Amino acid sequence: MTVAASRHSSAAPAASLNEQQRAAVEHRSGPLLVIAGAGTGKTMTLAHRVAHLIDCGTPPERILLLTFSRRAAAEMLSRAQSLTRDGGTRRVWGGTFHAVAAHLLRLHGRAVGVQPDFTVLDRSDTADLLNLVRSALTETYERKRFARKETLADIYSRTVNAGAPLREVLQRCFPWCAADRGAIASIFTAYTQRKRASNVLDFDDLLLFWRALMASPAAERVAERFDHVLVDEYQDVNALQAAILAGLHRTIADVFVVGDDAQAIYSFRSATVDHILDFPRLFEGTRIVPLEQNYRSTSPLLAASNAVIALARARHEKTLVAVRPGGVRPQLITCRDELAQSDAVCDSVLRLREQGIALHRQAVLFRTSHHSDLLEIELGRRNIPFVKYGGLKFLEAAHVKDVLALLRVLDNPRDAVSWFRVLQLLEGVGPVHASRLMTSIGVDGAATTPSPLRALVEGDVVVPDAARPSMTALRALIDELSVERDPVPLASQIERIRRFCEPVFARLYGNAEVRLRDVDQLAVLAAASPSRTAFLTDIALDPPGATSDLAGPPLLDEDYLILSTIHSAKGGEWDAVRIIHAADGMIPSDMATGDAASIEEERRLLYVAMTRARDVLEVYFPLRYHRRPRGAGDAHAYSQLTRFIPDGVLGLFDERVAGDQPLSGGGSDAGAGGTAAVDDALRELWAG
DNA sequence: TAGTCCGAGTTTTTT
DNA sequence: ACTCGGACTA
């Protein structure tokens with residue numbers, strides 16, 4: 001049996017490992033670095049390693065498996081499960097750095113001054129709190145244009161994760177905000193104070209405090225939980241994460257790390273390939289095992305991927321060798337415009353499905369979330385079910401955040417951002433009244449003062465007349481749900497909140513019906529969590545990544561096409577992969593063409609996308625865009641094929657033209673690209 | 001002071 | 001196309 005085939009069968013006996021993989025799996029002790037190219041059986045090697053450790057007698061709960069997403073951890077563990085003799089992987093500690101940090105801080109946080117019942121702020125909460133803090137600082141009002149709250153959150157996160165001075169980060173990554181450095185610094189100071197007072201931690205705090213924990217006297221107690229640490233996708237760790245691992249390594253000898261510098265695509269999160277390159281230096285006695293046999297893609301597909309990455313400026317010399325012979329060449333499909341592209345993709349999807357490739361074995365990948373907008377419409381029109389990964393989250397919708405804010409104040413009554421949101425749900429209450437109310441119920445008070453929840457229910461709060469009825473409703477809600485003894489089950493809590501939200505949504509939002517259905521969805525999601533706190537943590541750290549808006553409740557048995565940003569496609573593989581918008585300005589995104597390093601990252605992004613394909617790879621290139629990417633000018637513009645597929649690489653593709661007419665109209669419409677398209681269409685006639 | 005309407009500026013990827 | 005802020009009205 002081949003290694004690749006094991007993906008579809010439940011168990012792969014150790015005999016199916018190649019020599020390098022087996023060396024990694026059976027490694028005795030000390031740090032090990034696996035340099036694993038795309039499709040070389042990295043996940044399987046990790047799964048075998050976990051299974052091997054357990055079979056050798058390591059208790060599962062003494063293994064720490066850090067992966068890029070919780071999905072990856074779950075998949076890895078279920079694979080390992082099928083490999084172990086007694087199947088006992090359920091207690092392995094697995095998850096993202098952030099999720100594991102949250103877990104450890106609930107257990108050991110006190111050692112570094114963290115209250116164990118903290119709430120986790122997600123990305124948009126962070127932005128909201130920064131915004132709240134900014135409006136409180138008058139000096140910033142004097143400047144007309146100021147960084148948006150999301151940008152502030154980006155700057156903050158980047159600074160913290162890189163461990164670099166604000167000045168440098170601003171200069172390098174946010175030059176247009178550099179003039180506001182003073183104001184930004186004071187916003188960050190105030191932001192930090194607010195977080196501490198509210199007993200909330202943002203994503204970056206989770207890592208910061210985990211690192212602090214590893215430098216504290218409690219480090220022993222954390223480290224002694226584990227005998228082995230395994231890290232996936234190591235090329236995408238940042239300085240903080242690398243420091244945490246180094247901290248663990250002080251007492252845990254067996255550190256097992258897997259990554260591929262050619263697939264580093266998270267520099268915007270302050271990740272650097274430096275950490276994987278420096279690993280052998282930092283972890284003394286490291287053994288390095290390269291995996292170079294690609295079991296995933298057929299050789300013509302791999303040849304094209306290799307050609308794309310070979311043009312990278314700096315990279316580790318390693319050439320992937322295809323194990324799967326035969327196969328067809330990748331296709332480069334030139335389309336008249338975006339509509340033709342959507343059309344061609346749908347045609348191709350249906351054609352392959354008729355050939356027996358199920359929809360969920362097919363994927364469409366793109367650089368940014370909205371690149372699939374038109375395609376989604378066309379898929380909907382043709383009744384092709386799909387699930388989209390990445391991009392707009394269900395959780396970011398205002399009404400979902402409203403419900404979560406209600407749950408959060410119940411969970412952590414000092415959470416100022418959530419109170420601010422909750423109180424403004426009341427009719428006639430805006431920012432000013434909300435702030436006053438928060439003061440009067442003591443949201444900012446010390447932990448020893450009475451709970452703001454009780455103050456709201458029992459105290460004498462002053463509200464505008466218009467707010468009286470809705471305030472009564474809110475008090476009733478909080479009174480019912482904040483009962484300490486005899487806690488109401490989470491699902492009923494959400495049901496109760498839903499009743500409160502009905503009139504509120506009707507007043508605030510257009511389509512209350514649809515939004516209330518989302519609340520039901522939330523209740524379904526909540527059913528999997530053991531407690532309210534666990535639910536709120538889970539949902540912040542591992543938000544439901546897929547949105548399947550159109551088709552109503554997704555029937556899990558139903559077959560569906562995968563739509564995904566390239567970032568979210570990391571680690572995935574499909575029989576057929578289509579990459580759309582392969583035009584310069586899309587890949588590379590024209591926001592990332594500033595410096596050489598970001599362009600290189602975009603190149604790796606294309607490489608990651610291409611290497612997801614097993615048998616079929618189609619790259620789509622729309623010749624013309626109706627709405628210009630940005631700025632004024634013509635209503636439409638011609639585009640260029642992505643610079644990452646220059647002529648030399650193009651020879652590895654079959655080219656064809658999609659769309660009924662090569663180019664519409666005549667005269668002025670036909671540019672240089674037009675002739676090429678016509679010629680290509682002609683060539684296709686002769687080729688057949 | 002809340003809520004609404006209008007105009008302007010905007011850039012992407014994720015834990 | 002979408003959010004944010006300013007102006008204006010009630």
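Proteins get letters first, then strands, A, B, ... in listed order; numbering begins at 1 in each. Values in this document were obtained by computation on a predicted structure and should not be read as measured data.
- For the pair A:Ile155 CD1 and B:dT12 C1', the interatomic distance rounds to 15 Å; values are reported in whole Å.
- Of the charged side-chain nitrogens involved, none lies within less than 4.0 Å of a carboxylate oxygen, so that A:Arg269 and A:Asp236 do not count as a salt-bridged pair.
- At a cut-off of 3.5 angstrom, counting only N and O atoms as typed in the model, there is a donor on one side and an acceptor on the other between the side-chain of A:Arg367 and the base of B:dT13.
- Within the 4.5 Å cutoff, the side chain of A:Val160 has heavy atoms near those of the A:Leu240 side chain.
- The side chain of A:Val432 lies closest to B:dA2, out of B:dT14, B:dA2, B:dT11.
- The separation between A:Ile599 atom CD1 and B:dT13 atom P is 19 Å, rounded to whole Å.
- Nearest to the side chain of A:His433, among B:dT15, B:dT1, B:dT12, sits B:dT1.
- Side-chain polar atoms of A:Asp204 and A:Asn161 form a donor-acceptor pair below 3.5 angstrom.
- In the set B:dT1, B:dT14, C:dC4, B:dT14 carries the atom at the smallest distance from any side-chain atom of A:Tyr266.
- When distances run from any side-chain atom of A:Thr565 to the nucleotides B:dT12, B:dT14, B:dT1, the shortest one goes to B:dT14.
- The side chain of A:Ser589 contributes no N or O atom lying less than 4.0 Å from OP1 or OP2 of B:dT11.
- In this entry the distance linking CZ of A:Phe203 with C1' of B:dT14 reads 8 Å, nearest Å.
- Taken together, the paired segments of DNA chain B that extend over three or more consecutive Watson-Crick or G-U pairs, each closer than 3.5 Å at both contacts, are B:1-9 with C:2-10.
- The CE atom of A:Met586 sits 13 Å away from the P atom of B:dT13 (whole-angstrom rounding).
- Between the C1' atom of B:dT15 and the CG atom of A:Asp202 lies a distance of 11 Å, rounded to the nearest Å.
- Counting non-hydrogen atoms under 4.0 angstrom, A:Phe97 reaches nothing in the nucleic acid.
- Computed from coordinates, the A:Asp538 CG to B:dT15 C1' distance equals 14 Å when rounded to whole Å.
- Judged as a ring pair (Phe, Tyr, Trp, His ring centres under 6.0 Å), and not counting sequence neighbours, the contacts of A:Phe203 are A:His98.
- Rounded to an integer number of Å, the gap from CD of A:Gln424 to C1' of B:dT4 is 16 Å.
- Under 4.0 angstrom from either OP1 or OP2 of B:dT15 there lies no side-chain N or O belonging to A:Ser157.
- Note that A:Arg106 lies in the cation-pi zone of A:Phe118, set by a 6.0 Å cut-off to the ring centre and a 45° limit from the axis.
- In this pair, A:Phe268 does not lay its aromatic ring on the base of B:dT14; centres under 5.5 Å and planes under 30 degrees do not both hold.
- Under the 4.0 Å criterion applied to side-chain N and carboxylate O atoms, A:Arg123 and A:Glu150 are not assigned as salt-bridge partners.
- Residues that satisfy the ring pair (Phe, Tyr, Trp, His ring centres under 6.0 Å) test with A:Tyr620, not counting sequence neighbours, are absent from this structure.
- The number of heavy-atom neighbours closer than 6.0 Å to CD of A:Gln640, taken from other residues, nucleotides and ligands shown, is 12 or below.
- Look at CG on A:Asp204: it is 13 Å from P on B:dT15, rounded to the nearest Å.
- With the nearest nucleotide of DNA chain B identified for both A:His98 and A:Gly428, A:Gly428 has the one nearer the 5' end.
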